[in-house]
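What follows is a set of notes on a single structure, which appears directly below.
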Amino acid sequence: MTADEAASGSPAPVQERQDAVLRAVRELEQHVARGGWDGPVRLFALVRTVGALERDPALADRLPPDVVSAARADPEHLTLVEQEDLPEASSLGDLLGGLAWPPTVDGAALVTERIVLPPSVEEQMPADPGEAVEWAAAHPARREVRLAAAVLRDGTNGCAVRARDHDLDVDVAVGPDLAAPTGARVIDASGSYLLPGGIDPHTHMQFPFMGTVAADDYYTGTAAALSGGTTMIIDFCIPGPQQSLLDGYRQWREWGEKAVSDWSLHVAITWWSDQVREEMGTLVAEHGVNSFKHFMAYKNALMVDDDVLMHSFTRCRELGALPMVHAENGDIVWLLQKALLEAGITGPEGHALSRPPEVEGEAANRAIMIAGAAGVPLYIVHTSCREAHEAIARARANGQRVYGEPLIQHLTLDESEYRNKDWAYAAARVMSPPFRSKDHQKSLWDGLTSGSLQVVATDHCAFKTEQKRMGIDDFTLIPNGTGGIEDRMAVLWTHGVNTGRLTPSEFVAATSANAAKIFNLYPQKGVIAPGADADLVVWDPAATKTISAATQHSNIEVNVFEGMEVRGLPVITLSQGKVVWENKELKVQRGEGRFVPRPGTAPVFEAMKIRNELRRPVPVQRNPSVHVTP
Ligand code: URP
Ligand code: ZN
Ligand code: ZN
C-alpha cells in the first residue's frame, strides 16, 4: 500500500490484494502438483502489522514512512507493507534476518510469500510485488507459504502461526491478534498454553535387549509420544560388542522408518578398536549422529571399562560429539546380584537391592572424572539418586559441563513398588537404575528447580508381562525397562508445575528446549520461532485424566503410573505443522516422521576447544648443561 492509498483511508485495496495473493497461491500450487520446479528462488514478502504501532510506538522509527502513515490511518486494520530488494533466503529465519525492519515486536504478525520461478521467466517478472504475484500465477512455478508470529502475552502465553509448504489446509493460527489467510484453519487456544513440542532424548523402541525385544516399535512408540505432547524422540542405536557401528546404524535407521514423529539416534559404544574409532567419525561426518552412549553397567553384555571410556570420550572430543553414560558400577552390581540370589532373594525386590544409590554415585563420579581428563562435556542419563545428582552439581560448580537427566519415573515413583506382593506388578517396574526412596526423589526435584539437572526423559523401554516373566525365578533375568513416553509431560506438569517446583517456562526447558540445545537441535526444535519446525502443543492446564493402561497407546498392558490423576494435558499436538492429536484421537500416517540429523560440534565444543588449547600442558624447557645440584 502506498502513502496515497493509506491517506484515502480505504482498506479495500489491502483486502483485494490479499485475496489476489491467496488466489495466486492456489493456482501456483496446482502448477506444483503438475510438475514442480527446483530452480533458483526469488523472494518477496507481504508483511502485515496488526496494531503493532499501538503496542510499540518505537516501531515507527524502524518502518518505512508510508507504512507508518498507513498503520496510523487505520491501526485496527491489517496494513500491507512491502519491502523492495528483499534478500534471497531459503528459510523464513533467513528472510527475517535480512529484512530492513524485521518484525520482532510483540504483536506483529508476519506473512511471507516465497515465490520460486524459473530463471527464464524471473527476468520478466513485474517489479511491483502485487502484480508479480498475479503474474506468477500464470507461470509454471512452485511456491511456499510460511506464516510466523510471536504474540507473547504476559510473558507466559504464546501463539504461533505457520503454514506447511503446499498445504494451506493445515495453516494454523493461534491467538487473539493474528489474522489467518482465507481457508486457513484457526485453532482457538484460549485458556491454554502453546508450547514447543516435547523432546524425549532417551527412548528404546524395538530394542533387542536381555533376550527379547522392547514391545513398542517406532510406530507405536512415536504415536504414544505424540498423544502425550512429545513430538520428537532421540532413540539409541546399540550395536553389540564386535559389531560394526555403521551396520548397527543402518539397521536402526531401517527400524525407524515407520516412525510417525520426528526422531534421531544416539549410538552406543560397547567395545573399542580402530574400526570403532573410524566409524564414530563417519557417523558424525555423514550420518547426523552427535552423541555416543556408554554403559557402565550390564556386565558381560554392553558394559565398557574405564579404558574404553577414556578412548571413546577422547574421540568424542575430536569429533565434537557428546559422550553419554549409564552410570552404575556394573562389577559391583554383578557381585551383589550373585550374593542376593545365593541368599534366596529371587523376586523383583532383589533388583533394587542389587543396585544401591552408592553404586550409581560412584560411577557418576568416575565418568565425570574421565570426561574432565578427556576435556569433553558429559551427559548422564537416568540420574536417579542424590549421590549422582550431587556429583553432577559438584562438577558443575567446579566449572565442568555435565548434564543430568532424571526420568519422570524416578521423580514420582519410589522403591516400595518392588515390595508389592503381586510379582507381575513389581516386575513391571524393574528398570535400571531402580526406583529410589523419597529422599532421592526430593534431591532430583531440587536439581530441576535449581538447574543442576536439566532434562526430564523416560528411558521408554516397554515390555509386556509375558516378557517380564522371563525372570520369574531370577530377578536378574527380568528385562529391564518401563514405558512412560505418553505420560512424561502430564506427570511432570502435575507434580512439577502444579506444585510450584517448576514454572511453565522451566517445564518447557526440561521437556524440550534443554534437550534441543544439548543435542544441537536448537533452534530447529525446542522453541516457537520463525524458522523453527512447527512442532507445537496446545496445553490445557485445567484438563484432567486418570492414567490407565486401558486407554494408553503404548503396546503393553501395564502402565507404571496406573491410577495417577493428572491435571494439565496436551489437547492438540502438531507435528511438522500438521494436527496429529486432537479430541483424544491420533491422526498419523505410518512413516511420516522424519529422521533428524544432528550436526556435531555444538557451540559448547568450540568453547571447550579453546579452553583445552589454553590449558594444554607444555613441557619444561631445560638446558642440559645447567645443573643445579645441592
Ligand atoms: O532399565 C532400563 N533403563 N532399560 C533400558 C536400557 C537402559 O539401561 O537404558
Ligand atoms: Zn541405561
Ligand atoms: Zn536407556
Side-chain angles (χ1 to χ4, degrees), residues 204 207-214 238 240-242 268-272 293-309 325-367 370 380-388 391 407 409-410 413-437 440 459 461 463 465-482 560:
H204 303 275
F207 177 29
F209 187 46
M210 295 185 73
T212 182
V213 178
I238 307 191
Q242 311 310 317
I269 302 301
T270 57
W271 61 298
W272 193 251
K293 161 96 171 273
H294 308 78
F295 291 93
M296 299 169 80
Y298 305 127
K299 187 177 164 77
N300 300 328
L302 304 171
M303 180 172 125
V304 289
D305 62 15
D306 294 356
D307 185 75
V308 174
L309 290 177
V325 287
H326 168 139
E328 284 184 304
N329 185 319
D331 284 323
I332 304 301
V333 169
W334 194 76
L335 290 168
L336 290 175
Q337 286 176 332
K338 265 190 8 181
L340 285 157
L341 288 173
E342 276 162 21
I345 299 179
T346 59
E349 64 281 11
H351 176 75
L353 293 169
S354 66
R355 311 181 96 99
E358 293 76 10
V359 157
E360 184 182 341
E362 183 280 327
N365 275 299
R366 185 157 38 100
I370 296 172
I380 304 189
V381 303
H382 48 45
T383 302
S384 78
C385 64
R386 178 175 289 282
E387 287 80 352
L407 305 182
Q409 298 93 315
H410 290 121
L413 303 169
D414 70 52
E415 62 190 355
S416 62
E417 305 274 0
Y418 298 114
R419 304 204 73 82
N420 194 292
K421 287 278 191 315
D422 176 350
W423 184 92
Y425 179 100
R429 275 108 185 128
V430 164
M431 66 175 302
S432 297
F435 302 160
R436 307 292 192 190
S437 69
H440 293 287
D459 195 1
C461 185
F463 294 106
T465 306
E466 78 189 61
Q467 295 175 290
K468 292 275 181 181
R469 285 182 72 79
M470 290 166 66
I472 186 77
D473 298 321
D474 176 348
F475 68 84
T476 67
L477 302 179
I478 301 172
N480 284 202
T482 77
V560 292

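- With rounding to the nearest 0.5 Å, the separation of CD1 in Ile370 from CG in Asp306 is 4.0 Å.
- Heavy atoms from other residues, nucleotides or ligands lying under 6.0 Å from CZ of Arg366 number more than 12.
- For the side chain to side chain donor-acceptor pair (under 3.5 Å) criterion with Ser384, the lone passing option out of Gln409, Arg355, Arg436 is Arg436.
- Separation of atoms CH2 (Trp271) and CD (Gln242) is listed at 5.0 Å; rounding is to 0.5 Å.
- Contact of the Leu336 side chain with the Pro356 side chain is registered, since non-hydrogen atoms from C-beta on lie closer than 4.5 Å.
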Residue pair Lys293, Val325: steps toward the side-chain contact (heavy atoms from CB on, under 4.5 Å) verdict: CA-CA 6 Å; Lys293 161 96 171 273; Val325 287; over 6 Å; no
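- Between the Lys299 side chain and the Gly330 main chain, no donor and acceptor come within less than 3.5 Å of each other.
- Expressed to the nearest 0.5 Å, how far CD of Glu387 lies from CD of Glu360 amounts to 8.0 Å.
- Of the listed residues (Leu413, Thr482, Val560, Ile478), just one forms a side-chain contact (heavy atoms from CB on, under 4.5 Å) with Met431, and that residue is Thr482.
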Under the salt bridge (charged side-chain N to carboxylate O under 4.0 Å, His left out) criterion, do Glu349 and Arg419 qualify, and how do the steps go? CA-CA 6 Å; Glu349 64 281 11; Arg419 304 204 73 82; 5.7 Å; no
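- Using modelled atom types, one finds a donor on one side chain and an acceptor on the other under 3.5 Å when comparing Thr212 with Gln467.
- Atoms CE and CG, on Met296 and Asp305 in that order, are 10.0 Å from each other to the nearest 0.5 Å.
- Annotation: side chain of Leu341 is in contact with side chain of Asp474 (closest heavy-atom distance under 4.5 Å).
- Side-chain contact between Pro433 and His410 is present, with at least one heavy-atom pair separated by less than 4.5 Å.
- With rounding to the nearest 0.5 angstrom, the CG atom of Leu335 is 11.0 Å from the CG atom of Leu340.
- Across every non-hydrogen atom of Val308 and Trp272, the tightest pair is CG2-CB, 3.9 Å.
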Would Lys338 and Glu342 satisfy salt bridge (charged side-chain N to carboxylate O under 4.0 Å, His left out), going step by step from the backbone distance to the final call? CA-CA 6 Å; Lys338 265 190 8 181; Glu342 276 162 21; 5.4 Å; no
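- Under the 6.0 Å cut-off for aromatic ring centres, His326 and His382 qualify, their centroids lying closer than that.
- Residues Pro348 and Ala427 share a closest heavy-atom pair of CG-N, 3.8 Å.
- When only modelled atom types and interatomic distance are considered, Asn480 and Ser432 share a side-chain donor-acceptor pair under 3.5 Å.
- Contact check for Phe463 versus Met210: no side-chain heavy atoms found under the 4.5 Å cut-off.
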Show the numbers, then the answer: is there a side-chain contact (heavy atoms from CB on, under 4.5 Å) between Thr346 and Asp473? CA-CA 6 Å; Thr346 59; Asp473 298 321; 5.8 Å; no
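- With rounding to the nearest 0.5 Å, the separation of CG in Asn329 from CH2 in Trp334 is 13.0 Å.
- If you check the side chains of Glu328 and Tyr298, you find no donor sitting under 3.5 Å from an acceptor.
- Looking only at side-chain heavy atoms (C-beta outward), Val213 and Phe207 stay at 4.5 Å or farther from each other.
- For the pair His440 (side chain) and Arg386 (backbone), a donor-acceptor distance under 3.5 Å is present.
- Taking both residues in full, the closest heavy atoms of Trp423 and Lys468 are given as CH2-O, 3.1 Å, listed atom of the first, atom of the second, then distance.
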Given Val430 and Tyr418, is the side-chain contact (heavy atoms from CB on, under 4.5 Å) satisfied, shown in steps? CA-CA 8 Å; Val430 164; Tyr418 298 114; 4.2 Å; yes
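- Counting all heavy atoms, side chain and backbone alike, Ala364 lies closest to Ala391 at CB-CB, 4.3 Å.
- Residues Phe295 and Ile269 have side chains not in contact (no heavy-atom distance under 4.5 Å, counting atoms from C-beta outward).
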Yes or no on side-chain contact (heavy atoms from CB on, under 4.5 Å) for Asp459 and His204, after CA distance, side-chain angles and deciding distance? CA-CA 7 Å; Asp459 195 1; His204 303 275; 2.9 Å; yes
